[in-house]
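Inspection log for the structure reproduced underneath, given as structure tokens.
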Amino acid sequence: MLRYTLRRLLGAIPTLFLVIVLAFLLVHAAPGGPFDDERALPPEIEANIAAAYHLDEPLPAQFLRYLGGVLKGDFGPSYSYRDYSVSELIGRSFPVSVQLGVLAMLLATVVGVSVGIIAALRKNSALDKIVMGLAMTGISIPVFVIAPVLVLLFAVKLQWLPASWTGSEGATRFLLPVISLALPQIAYVARLARASLIEVLSSDFIRTARAQGLGTAAIVRYHALKPAMLPVLSYMGPAVAAVLTGSVVVEEIFGIPGLGQLFVRGSLNRDYTLVLGVVIFYAALIVLLNLVVDLLYGAIDPRIRRR
Amino acid sequence: MKTTRLLPAILATLAGVAVMLAGCGKRDTGIDALGDTPVLNRALSTEPESLDPQKSRSVQAADVLRDIGEGLVSYDAGGAMVPATAESWEISADGLTYTFRIRADARWSNGDPVTAADFVFGMQRLVDPATAAFYAAELGNVVNAADIVAGKREPAELGVTAPDDGTLVISLVRPTPYLLSLLTHPSTFPVHRGSVAQHGDAFARAGNLVSNGAYVLADWEPGAIIELRRNENYWNDAETSMDVVRHHVVTQEMAEFNRYRAGELHVTSTVPPENFDQIRAEYPDELHVAPTLGVYYYGFNMTRAPFADNPELRQALSMAIDREVLVEAITGRGEAPAYSWVPPGVDNYDPVQLPYAELSQQERNAIAQSLYRKAGYSKDNPLRFELRYNTSDTQQRIALAVQAMWRNVLGAQAQTVNVEFQVLLDQMREREITQVFRSSWFGDYNDANTFLAIMQGDSAANMPGYSNPEYDELMRSAGEQLDLDRRRLYLEEAERVLLADHVVIPLYFYVSKHLVKPEVEGWQDNILNYHYSQHLSLGAAEEDARP
């Protein structure tokens, strides 16, 4: 197990290196530079700024300088936040994104799995159709529609909840963003759980359990649920990554100082170091999450562990 | 069977992580625990890139810096210039030497006196190449400034000196009637030398920043909020009403409008264009629309065919655009149609009108058609070119309308191309593939020079690549005039030359748009669109911004 983990971690190094190279080339290939503006600068001032940020060096030299920094854990200074370093910005915004993502995943899993089980047990009933119809709608409506509608309803009309992150200091500021983020995931998890549970319930070992006289509740709880949750679990890894990286829209709408907002701002401003820093961080995160899911998978399914 | 409980265990762990992080989410924010202290909640449409007065660049950074810092001179709520940290000044007869008296009671937020040397330090810092300041050219007319920026002289040689703590002398190489205007800009603000020595580059952070304005920086959560607290050591603190001011970063116009409606903001930075009519109907007393120093224009690439050396063709395209339709039907937020390059309302100046401004649109169209034919184009041989603009709803609607006008009036075939803003900037500067492009210019200070200077041959912001020795000579002469009226004549003549060359098509002048809650007192619309928090207060209709 330990050797496996170590091997996977070492295997991630070339992947990350490739990500750094590609990301570096891509951001520098994008037209325009970090300090372009309609109020274009006189050449001597532009030269001073380029020199201050080493942008006047040839690209390979810039790359080596950057790589050297990354190896030391220094992602360089941000161009669009001149008072902060990239590491510092990521350090400040990541906890916010994690809070949001974790709460959203929690909500999505609990609600999604429950709904999925209910629907599976009442397969093809009116309840099943209604619930799955709602789930379909949930998947189809994009976040940038859901979030403003929630804001209009709960913040503007009813005035129950804050419309933004800075509109309140209390925990209520989490509610609307978390629900907006979780809704599509709830729908997806519910569909997965339902389909998987239905499949498991029709398999031979369940029929055997039934033949032995076990009640539905006991069958679901002790025999069907665990195998049925495997697809849900394997979806959790990508889903956590998707929620963490895909919270951009929600962060923009609610003004949440998370990683997604940082990434958008970095890209629009050609803040090379900020974009690179966030990309590398995301890449490392996804590699790590995939590893965690694989390890959990082994823990839950002995067949995989044995291999 | 211990793995049975794996899923609940995972969920429990996640919940634990969330709770743990929720605890540290409250870290160093000074935002909590304000109790009943009234707070003024304002919006910033983008986040300041820095609150270092010399390193910052954006309008939004300047908005915050005007709250926390103060220059030699400043503006009152209505936009009239008033003495600030300097209580008075004298200008020498040749207009080359300005002598300022610094207030004896001017204090930094830590209680230290603000001295002339602090201003010298700030201005030397501005031109020092090591600072890499965007506004380093702001003091271009000060003795030795250009050489220092170019690295040919030491910052200490700048023509700004402090004979004693209360006297600041600025020496110029040519008269600069708008110097006082420049000195209201945050890039010329003083800097507290002690905190730069102590904190280096981090001196402008919350907790480190020592400022000399009405407020001090209490907290800055990047991406979310900047919180300011009253500076009790400010010389004019008695006039400050609000103890706490929060600048919320709100990038989306619709989200901003929702926050305003939800009672989270007292003042917005703009209003969403798609809801403008609704807002005008529902909030007639809260909507403030005022002219500003900004022009929206289409520029020609003056270095390449078909528009280089073809003034008549350029004029035809300029005349065929019905600006009244644009501002009424397309932009529709109170913008004024533009027939000059310099916006109306600039101090000491009367903008020159395009020669055809007096004609009706029908008459303009007729002339445009004949100019178009004279340039060798016709229905069978239409002019084909690209109109480039940066991706945005408003830009697109304007481009499509103008495209239709060119097609209907002239039969010209403009192809609209939208690219990301940074890409457009790049293309405009390279002048390789641009033909007609969208751009805009906002005055840095209240003087015609800020608009006219950018069209000089050697200006970096001269996007069309316009180069006319006559124009440059007029601008040079204007720069030497001591007499404001004579200077104005030169500037006006320069604008006349620029307009006659049809280098740019001014389309409309920008307006500022704010929603201001009824309980906000002291708000005055002004052409600079500067609204210092120190002039604002919350009245009887006690604020309902939820804590």
Side-chain angles (χ1 to χ4, degrees), chain A residues 30-32 35-46 48-49 51-52 80-84 89 92-93 95-96 98-99 102-103 105-106 109-110 148 151-152 155-156 159 162-169 171 226 229 233 252-258 261-262 265 268 270 296 299-300, chain B residues 3-4 6-7 10-11 14-15 17-18 21-22 24-25 31-32 47 49-52 55-57 129-130 132-134 136-137 149-150 201-202 204-205 221-225 246 248-252 254-255 258-259 261-264 422-423 425-427 429 439-441 460-461 463 546-547:
Chain A
F35 303 115
D36 288 355
D37 193 89
E38 268 174 330
R39 30 187 86 248
L41 299 163
E44 58 272 23
I45 294 180
E46 200 154 57
N48 288 344
I49 291 166
S80 55
Y81 289 93
R82 294 184 81 180
D83 301 338
Y84 294 90
L89 289 169
R92 272 169 169 264
S93 57
V96 179
V98 172
Q99 265 171 284
V102 165
L103 285 173
M105 277 318 293
L106 209 61
T109 317
V110 171
V151 168
L152 262 185
V156 176
Q159 306 236 335
S164 68
W165 184 256
T166 54
S168 157
E169 278 115 54
K226 206 168 68 151
M229 283 310 106
L233 189 64
E252 282 280 316
I253 289 174
F254 291 97
I256 301 167
Q261 210 191 37
L262 213 56
R265 186 182 154 111
L268 289 181
R270 299 288 188 270
L296 283 178
I300 215 170
Chain B
T3 48
T4 320
L6 194 59
L7 196 62
I10 294 172
L11 292 178
L14 286 178
V17 171
L21 288 169
C24 67
I31 287 169
D32 322 69
E47 183 145 30
E49 59 291 302
S50 172
L51 289 179
D52 178 328
K55 285 187 181 173
S56 71
R57 180 185 208 181
F134 293 104
V149 171
D201 281 345
R205 295 197 185 188
E221 198 178 349
I225 200 165
R246 287 178 180 166
H248 301 253
V249 179
V250 201
T251 48
Q252 285 202 333
M254 199 60 215
N258 283 335
R259 288 199 206 181
R261 288 195 286 181
E264 292 170 18
Q422 298 290 336
V423 178
L425 288 172
D426 206 40
Q427 294 174 343
R429 294 178 59 166
S439 192
S440 61
W441 186 255
M463 297 299 183
R546 271 188 309 259

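Just so it is clear: chains get the letters A, B, ... in the order the sequence lines come, proteins before strands, and each one is counted from 1.
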Quick check on [X] against chain A: is it the side chain, the backbone, both or neither that has a heavy atom closer than 4.5 Å?
X      : result
B:A136 : both
B:E47  : both
B:R259 : both
B:M254 : neither
B:V149 : both
B:S439 : both

If every non-hydrogen atom of [X] is compared with every non-hydrogen atom of [Y], which pair is closest and at what distance?
X      : Y      : answer
B:A137 : A:I45  : N-CD1, 3.3 Å
A:P257 : B:G223 : CB-C, 4.0 Å
B:R57  : A:F35  : NH1-O, 2.9 Å
B:Q422 : A:L268 : CG-O, 3.3 Å

Contact origin within A:L152 toward chain B - heavy atom pairs under 4.5 Å: side chain
Contact origin within A:S164 toward chain B - heavy atom pairs under 4.5 Å: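 Its backbone and side chain both get close to chain B.
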Qualifying residues under ring-ring contact (aromatic ring centres under 6.0 Å, His included), relative to A:Y81, sequence neighbours excluded: none
Results of ring-ring contact (aromatic ring centres under 6.0 Å, His included) for A:Y84 - residues two or more places apart only: B:W220
Close side-chain approach of B:Q427 to A:P31, heavy-atom, < 4.5 Å: no
A:I253 side chain reached by B:Q252 side chain, heavy atoms, under 4.5 Å: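 A side-chain contact exists here, since the closest heavy-atom pair is under 4.5 Å.
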Whether B:D52 side chain and A:D83 backbone form a donor-acceptor pair below 3.5 Å: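 A pair under 3.5 Å: no.
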Top of B:A202, B:S56, B:P129 for chain A proximity - count of heavy-atom pairs under 4.5 angstrom: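 Answer, by heavy-atom pair count under 4.5 Å with chain A: B:P129.
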Interatomic spacing from CD1 in A:I49 to CZ in B:F134 - rounded to 0.5 Å: 4.0 Å
Top contributor to chain B interface from A:Q261, A:R270, A:R82, A:E252 [non-hydrogen pairs under 4.5 Å]: A:R82
